[in-house]
Amino acid sequence: MKKTIKLNLIVLAVILIFYSVTITVSFSNIKENVEAEYRTEVSNLDFNIYQAGTLTYDSDSEDYREWSCVEEFLNDYEYNISYPHRVVVYDSNGSEVARTSTMIEFSSDSYRNENITPYVKYFCNLDNYLTEEQKDFIVQHNKYGGYIKQFACISEGKDNLLVTPVYLEYVDVKENKEYRINFTDETPNVIVDYNFRLNVIDDRNKHYEFIDKQIEDGIPQSYLDENNDDMGGIGLASYSRCNELYIGSEVYSVLSVSYIDSGSYTLHDFRFTNSLNNITLLYVTVTAIVLAVLNVYIKRNRLNKAKYVFTNAAAHELKTPLAVIENKCEFILEGVDESKTLEYVNQTYKEALKMNSLLNNLLRYNKLATQSRIEKSRNNLTLLIKNEIEKYSSAAKVKNIAFDVDLIEADINCNAELISLAIGNFLSNAVKFSPSDSTVAITLTKCKTKYKLSVVNAFDGAINEKVWDMLYMTDEARGGKSTGMGLPTSKEILELHNYKYGFKNENGTVEFYFIAK
């Protein structure tokens, strides 16, 4: 049993090592892709901002792009990169004017006839209005594809492109339920029907915490010139600055900062989570198949070994009594010394009994050696021990051996018949191999949540681990008193119960014990 468990654990450990290596390789490959994609997107964003800064305030320019307000410019660059980033706009005095935020954009033709009202874009910076609870709500529901169904606001007309939000109706796709997020009790003059996912900038995210801290602390120009994205194991960061950008008739400067912890980002990347699920499913399947095949092999090998041991043991151990029986029967049949006929019959009977006992022990051991499971129930271990002590009291009295019994009350989950047999084997050995006029100590103690049964007797000799082997009878102390089946049978019983067992041989005594759960 222990060998089977050990072999299963070794196989599981090997599979776990391969599983870990596979996951590590997959993680490493996807992380490289994430970092490459990050660098590409950041490079494109920085190039677009740089290109925007090179344009002059000339409406005849073929590449000219005029933004009517800072919010329109920021809105264009909010969705150009899918990684955490900030684009910050400064005026000519170096004061911050605005930065990318949770922005809603809509046009006049979304709610009016464009033939009546010229086409105008309007913007709303929701970061100025969203509470922490509302941010949490949107971030959580965005995971399942939530979107804005309707947005209501107050607009002051085309001369003021910034609107004041009144409410938005949010649809939770998972729950198939609509929610309303209110910002003010005022009456809206614009209601826009949307099917638009709102990307909330959660500035409590550690990536944005890093970015905002870098902006507040100021980034050295030397670093901006180098534009090195390696953060020395902390993550990847990118910085760039455009010192001249025309928006309307004003000149601004722009700072772009982005950052990701590539390891953390990879862990949440859908490619890695999908890969992890597929690899885990594959290894679970492989593990199940391997363990099933292995245990079939172990069971078959165990059966074959048990048959081999049984056959050899039976052939070897029955040879002597059969020879004695044959010899005594020949004496009787040939009439050799008829006065001893009764003695010959008695000897034949004793050898037959010995053969019967040996065969029963062999069959019991063979049955246990081929079992992998046993039925268990709640039993009183103290009572089982007392019953076995009673059985061997008569044999002990013959040799004037006293039992020193010290037991506590203990209930355990076991097979009562088998555990009684193991206890009986311990007591039988103690009585058989103890000298006359000695004492056998039987104690039951508690070890945390377990119980230890110990049987100690006087023993002037030495034993080794082979005492647990089948038909091991080479100890001088045995002197032919034992069939050599008691302890091997106990070993099989205790291993079927997953109980720890053993012996100690010191100071002229021998102790056999097991620890029950």
Is there a donor-acceptor contact under 3.5 Å from the side chain of N93 to the main chain of S95?
no
Check step by step if side chain to side chain contact (heavy atoms under 4.5 Å, CB included) holds for Y19 and V286.
CA-CA 11 Å; Y19 172 76; V286 169; over 6 Å; no
One pair to check against side-chain hydrogen bond (donor to acceptor under 3.5 Å, both in side chains): N125 and S101. What are the steps and the verdict?
CA-CA 7 Å; N125 182 356; S101 58; 2.8 Å; yes
Min side-chain heavy-atom separation T131-D136 under 4.5 Å:
no
Do R86 and D212 meet the salt-bridge criterion of a basic N to acidic O distance under 4.0 Å?
yes
Determine whether F27 and F272 make a side-chain contact, defined as any pair of heavy atoms from C-beta on separated by less than 4.5 Å.
yes
Residues T187 and N189: side-chain donor-acceptor under 3.5 angstrom:
no
Please table the atom pairs, donor to acceptor, closer than 3.5 Å between any side-chain atom in residues 250-257 and protein atoms at least two apart or in another chain.
{"residue": "S256", "atom": "OG", "partner": "D46", "partner atom": "OD1", "Å": "3.4"}

Just how far is it from atom CD1 of I423 to atom OG of S490, taken to the nearest 0.5 Å?
9.5 Å
What residues, two or more places apart in sequence or in another chain, satisfy salt bridge (Lys or Arg N to Asp or Glu O under 4.0 Å) together with K452?
E511
Is there a side-chain contact between L245 and F73 in this structure, where contact means two heavy atoms from C-beta onward sitting under 4.5 Å apart?
yes
Per side-chain contact (heavy atoms from CB on, under 4.5 Å), S155 is matched among L161, V190, N160 by V190
Would you confirm whether E216, through its side chain, and K213, through its main-chain N or O, come within 3.5 Å as a donor-acceptor pair?
no
For S28 and V25, indicate whether the former's side chain and the latter's backbone hold a donor-acceptor pair under 3.5 Å.
no
Could you check whether any side-chain heavy atom of F123 comes within less than 4.5 Å of a side-chain heavy atom of F106, counting everything from C-beta outward?
no
Hey, what's the ring geometry for W468 with Y501, parallel, tilted or perpendicular (30° and 60° as the breaks)?
perpendicular
Please check if any side-chain donor atom of T102 sits under 3.5 Å from a side-chain acceptor atom of D127, or the reverse.
yes
Nearest heavy-atom neighbours spanning C124 and Y129
SG-CE1, 4.4 Å
Distance (rounded to the nearest 0.5 Å) between L236 CG and R39 CZ:
5.0 Å
To the nearest 0.5 Å, what is the distance between CD (E72) and NZ (K121)?
5.5 Å
For the backbone of A416 and the side chain of S420, can you confirm whether one donor and one acceptor N or O come within less than 3.5 Å of each other?
yes
Closest heavy-atom contact between Y208 and P84?
OH-CA, 3.7 Å
Are more than 12 heavy atoms, taken from residues, nucleotides or ligands other than D217, located less than 6.0 Å from that residue's CG atom?
yes
Side-chain heavy atoms of Y451 within contact of L407, under 4.5 Å:
no
Could you give the side-chain donor-acceptor pairs of residues 179-186 under 3.5 Å, partners two or more places apart or in another chain?
{"residue": "Y179", "atom": "OH", "partner": "E175", "partner atom": "OE1", "Å": "2.4"}
{"residue": "R180", "atom": "NH2", "partner": "E169", "partner atom": "OE2", "Å": "3.2"}
{"residue": "T184", "atom": "OG1", "partner": "E186", "partner atom": "N", "Å": "3.3"}

Heavy atoms of other groups near K376 NZ, more than 12 under 6.0 Å:
yes
Mark yes or no for whether S26, through its side chain, and T22, through its backbone, hold a donor-acceptor pair below 3.5 Å.
no
Donor on one side chain, acceptor on other, S238 and Y259, under 3.5 Å
no
Spacing of L276 atom CG and L281 atom CG [to the nearest 0.5 Å]
11.0 Å
Mind listing the closest non-hydrogen atom pair of V97 and Y90 along with its distance?
CG2-C, 4.0 Å
Aromatic plane relationship, Y83 with Y265 - under 30° parallel, 30 to 60° tilted, over 60° perpendicular
tilted
Does the H497 side chain pair with the main chain of N415, one donor and one acceptor, at a distance under 3.5 Å?
yes
Side-chain heavy-atom pair I104, I148 within 4.5 angstrom cut-off:
yes
Once the angle between the rings of F514 and Y499 is folded into 0 to 90°, is it parallel (under 30°), tilted (30 to 60°) or perpendicular (over 60°)?
parallel
From L168 atom CG to L126 atom CG, the distance as rounded to the nearest 0.5 Å
6.5 Å
Evaluate the side chain to side chain contact (heavy atoms under 4.5 Å, CB included) criterion for residues I15 and L291: first the C-alpha distance (whole Å), next the side-chain angles of each, then the deciding distance (0.1 Å), finally the verdict.
CA-CA 11 Å; I15 292 175; L291 289 179; 5.7 Å; no
Where is the tightest heavy-atom contact between S258 and V42, given as atom of each residue plus distance?
OG-CG2, 3.3 Å
Short question: side chain of N379, backbone of I412 - any donor-acceptor pair under 3.5 Å?
no
Using a cut-off of 6.0 Å, state whether more than 12 heavy atoms not belonging to E417 lie near its atom CD.
no
Below 4.5 Å, heavy atoms only, C-beta onward: do H207 and D261 meet side chain to side chain?
yes
List the steps, then state whether side chain to side chain contact (heavy atoms under 4.5 Å, CB included) holds for I215 with Y239.
CA-CA 10 Å; I215 293 172; Y239 310 92; over 6 Å; no
Closest non-hydrogen atoms of I408 and T382, given as atom of the first, atom of the second and distance, are O-OG1, 2.6 Å
Over all heavy atoms of both residues, which pair between Y513 and S454 is shortest? Give the atoms and the distance, please.
CB-CA, 4.2 Å
Rounded to the nearest 0.5 Å, what separation is found between the CD atom of E71 and the CE atom of M103?
5.5 Å
Decide yes or no for Y122 and L162: does some side-chain heavy atom of the first lie under 4.5 Å from some side-chain heavy atom of the second?
no
Please assess F503 against I463 for the test side chain to side chain contact (heavy atoms under 4.5 Å, CB included), listing each intermediate value before the final yes or no.
CA-CA 9 Å; F503 68 86; I463 59 175; 3.8 Å; yes
Would you check, one step at a time, whether the test salt bridge (charged side-chain N to carboxylate O under 4.0 Å, His left out) holds for R271 with D269?
CA-CA 5 Å; R271 289 167 296 187; D269 189 281; 2.9 Å; yes
